[in-house]
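Note that this is a predicted model, so its numbers are computed, not measured. When reading the values below, keep in mind they use all heavy atoms of this one structure, side chains included, and skip hydrogens, waters and symmetry mates.
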Amino acid sequence: MKYIPILCTILFLAALMAMKPLDALTDTGVTLQNVRQGVLENLAEENYFLFNSTSAMRKIAKGIPENAQATTVRALGKWVRSYVESDNFKQEYRQWLKQKYPVDETYSDAVVAQREQAVGGMDSAISQQMALIQQTYAQLDPAMLQMSIKAQLSQQEAQLTTLEGEERAAKARELAELKKILAATEGKPTEFKKQFIAYHSKLLKQGSDQNKSQQQKDLANAQERNIEYKKQNAILDAHSDFRPLLRQRLKNFIVLCDDVDFNAKLIPSGRKQDFINSLYQRKPAEWKFLYRLGKTPVMEARAFAQEWLTDLK
């Protein structure tokens, strides 16, 4: 038989908290986080009841007078329902669902939108960069520029030994072209500056175009992966509404309450007691749990569950 663990949580904590639930939480060492975690776990887990009680909790529960039990169950039930209906619970439940229905945020809509914006603005960024370089070189003295490039050649040729593969080949081609320009413009610093700026601008444009091409490929890949993200997110969204699950748990709990025979008799059996009716002895743990709590708090919890279920329809 299935049952609604949230209501079992209400019943047990109600027995602990009497007329001052929040004070009793502090007095018994039960934190609000314990309750929040318990509600989430018990909503998701339908096979057994999750709550670890201490001896102090059980001692307090035994001291609750019968005429206070229904009021306590009702008060605590309202607190639990208020939490379950809060935005905080919805967020925590969705976060918990991500463990079951994971979503790879690497290619989320927001990430893809940022990449699209970046690629879309690359032409403008490249144009601005080229204009800045042109402006910077325009301010340089042609003779000083020619002398500086000559001085750097030997150092850059020495650095070739630290490079490998295509990177080394590209750098070698660049140096060869610079030597060619220097040789062709020997004694003509103004002409050198003109050819050097043209060549350097060409290199920068090629590098920018390659970078743009790679960024466009990465964007296309991200857009393709975003399709999978949307599918994952749709599955998560489809399960994010916990109300159908809550309805079923409430229905199961009501059925369980109606099945418990609170007039069942017990007989001593060693250190424990057994039901006289052998059929009851085979009842599940949650059935026996409600039996031990007693009719008054259980029927109040049942009434509360029925009201909650009606409001959910």
Short N-O contact, [X] and [Y], less than 4.0 angstrom:
X	Y	result
Arg173	Glu166	yes
Lys78	Glu307	no
Glu228	Arg225	no

Looking just at side-chain N and O atoms, do [X] and [Y] make a donor-acceptor pair shorter than 3.5 Å?
X	Y	answer
Asp218	Gln214	yes
Ser86	Asn88	no
Tyr83	Glu92	yes

Return all side-chain donor-acceptor pairs below 3.5 angstrom for residues 289-297, not counting sequence neighbours, or 'none' if the list is empty.
{"residue": "Tyr291", "atom": "OH", "partner": "Ala264", "partner atom": "O", "Å": "2.6"}
{"residue": "Thr296", "atom": "OG1", "partner": "Glu66", "partner atom": "OE2", "Å": "2.8"}

List the steps, then state whether salt bridge (charged side-chain N to carboxylate O under 4.0 Å, His left out) holds for Lys283 with Asp261.
CA-CA 11 Å; Lys283 289 291 186 180; Asp261 181 2; over 6 Å; no
For [X] and [Y], indicate whether the former's side chain and the latter's backbone hold a donor-acceptor pair under 3.5 Å.
X	Y	answer
Ser240	Leu236	yes
Lys193	Tyr137	yes
Gln146	Thr185	yes
Lys288	Gln281	yes
Asp274	Ile267	no
Lys90	Glu85	yes
Ser127	Asp123	yes
Ser201	Ala198	no
Asn211	Gly207	no
Arg247	Leu312	yes

Aromatic rings His239 and Tyr101: how do their planes relate, parallel, tilted or perpendicular, breaks at 30° and 60°?
parallel
For Glu167, look at atom CD and say whether over 12 heavy atoms of other residues, nucleotides or ligands are found less than 6.0 Å away.
no
Shared hydrophobic cluster, Phe196 / Leu153 (ILVMFWY, side-chain heavy atoms < 4.5 Å):
yes
